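Worksheet: the structure to be examined is printed underneath.
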Amino acid sequence: MQARKWKLDTDYKYLVEWWKQYDFGIVPKECLPPDGIIVSLDKPICAAGLHIDKGSKLGFMYGIFSNPDINKIKLFKAMKLCVNEIYKLAKKCNLDLVYTMTGEKALHKLYENHLKMKLCEKNLKSYVINLKEKKYT
């Protein structure tokens, strides 16, 4: 299994494919962070982005997005690797904290039991302000 920095010009197609398979909304490429990690074996397995604000010590991990056709054991290992690589990237960028959110119970277990991430909020709803309603529907 290999992890590398994502290249949105070529990797974005995998994210779109996965989002469609999960019936998840498509995130426009220009709204994703330029920094991220993609994990592959013979084909891409999962990916996560890291928003880095140069004026802050807080980063935001966007994802984990995954290939629904991968068996759970490989996916679990790939997701652990992906988050560990996000951790390394955050350290390299001199961040102190990385925040993320998910509604997926399987990711709750991964984050809390296997990656020792700390739960911040128990009853979270997320919102977005769309400043370009004609562009992003």
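As the structure is a prediction and not an experimental result, all values here were calculated from the model.
- In the hydrophobic cluster analysis, where Ile, Leu, Val, Met, Phe, Trp and Tyr join through side-chain heavy atoms closer than 4.5 angstrom, Leu97 is grouped apart from Met61.
- Contact check on Glu30 versus Lys135 returns a salt bridge, with a Lys/Arg side-chain nitrogen under 4.0 Å from an Asp/Glu carboxylate oxygen.
- Using a 4.5 Å cut-off on side-chain heavy atoms (C-beta onward), Val98 and Phe60 make no contact.
- Side chain of Ser56 to backbone of Asp53: no donor-acceptor contact under 3.5 angstrom is found.
- Residue Ile73 qualifies as open at atom CD1: its count of foreign heavy atoms under 6.0 Å is 12 or below.
- Annotation: side chain of Leu119 is not in contact with side chain of Tyr111 (no heavy-atom distance under 4.5 Å).
- In this model, a donor atom of one side chain and an acceptor atom of the other lie less than 3.5 Å apart for Ser66 and Tyr22.
- Using a 4.5 Å cut-off on side-chain heavy atoms (C-beta onward), Gln21 and Glu17 make contact.
- Under the 4.5 Å side-chain heavy-atom criterion for grouping Ile, Leu, Val, Met, Phe, Trp and Tyr, Phe76 is connected to Ile45 within one hydrophobic cluster.
- Atom CD1 of Ile70 sits about 13.5 Å away from atom NZ of Lys72, to the nearest 0.5 Å.
- For Glu104, the CD atom is loosely surrounded, since the number of other residues' heavy atoms within 6.0 Å does not exceed 12.
- With salt bridges taken as basic N to acidic carboxylate O contacts below 4.0 Å, none links Lys74 and Asp42.
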Stepwise side-chain contact (heavy atoms from CB on, under 4.5 Å) check, Leu95 with Leu58: CA-CA 6 Å; Leu95 298 176; Leu58 175 69; over 6 Å; no
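- Of the candidates His51, Lys92, Lys5, Asp35 forms a side chain to side chain donor-acceptor pair (under 3.5 Å) with just one, namely Lys5.
- The pair Lys29-Asp9 meets the salt-bridge criterion, since a charged nitrogen lies less than 4.0 angstrom from a carboxylate oxygen.
- In this structure, CG on Asp96 lies 8.5 Å from NZ on Lys91, to the nearest 0.5 angstrom.
- At least one donor-acceptor pair under 3.5 Å links the side chain of Lys116 to the backbone N or O of Asn113.
- At least one donor-acceptor pair under 3.5 Å links the side chain of Lys57 to the backbone N or O of Asn94.
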Using a 3.5 Å cut-off and no angle test, enumerate the donor-acceptor pairs between side-chain atoms of residues 77-86 and protein atoms at least two apart in sequence or in another chain.
residue, atom, partner, partner atom, Å
Asn84, ND2, Lys80, O, 3.1
Glu85, OE2, Lys88, NZ, 3.1

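- A continuous path of hydrophobic side-chain contacts links Ile38 to Tyr62 [ILVMFWY only; heavy atoms under 4.5 Å].
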Candidate pair Phe65 and Cys46, rule side-chain contact (heavy atoms from CB on, under 4.5 Å), full reasoning: CA-CA 5 Å; Phe65 309 113; Cys46 67; over 6 Å; no
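- In terms of heavy atoms, Trp18 sits closest to Ala47 at CZ3-N, 4.0 Å.
- Using a 4.5 Å cut-off between side-chain heavy atoms of Ile, Leu, Val, Met, Phe, Trp and Tyr, with links allowed through other members, Tyr14 and Ile37 fall into different hydrophobic clusters.
- You'll find the side chain of Arg4 reaches within 4.5 Å of the side chain of Asp11, heavy atoms only.
- When side chains are defined from C-beta on, Pro33 does not count as touching Leu50, because their heavy atoms never get closer than 4.5 Å.
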side-chain contact (heavy atoms from CB on, under 4.5 Å) between Ile26 and Tyr12, intermediate numbers included: CA-CA 10 Å; Ile26 305 298; Tyr12 182 70; 3.5 Å; yes
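- Note: the hydrophobic cluster containing Leu41 also contains Ile64 (ILVMFWY, side chain heavy atoms under 4.5 Å, direct or indirect links).
- Rounding to the nearest 0.5 angstrom, the gap separating the CE atom in Met101 from the OG atom in Ser126 is 5.5 Å.
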Intermediate values then yes/no, side-chain contact (heavy atoms from CB on, under 4.5 Å), Leu8 and Leu15: CA-CA 9 Å; Leu8 287 177; Leu15 301 175; 4.3 Å; yes
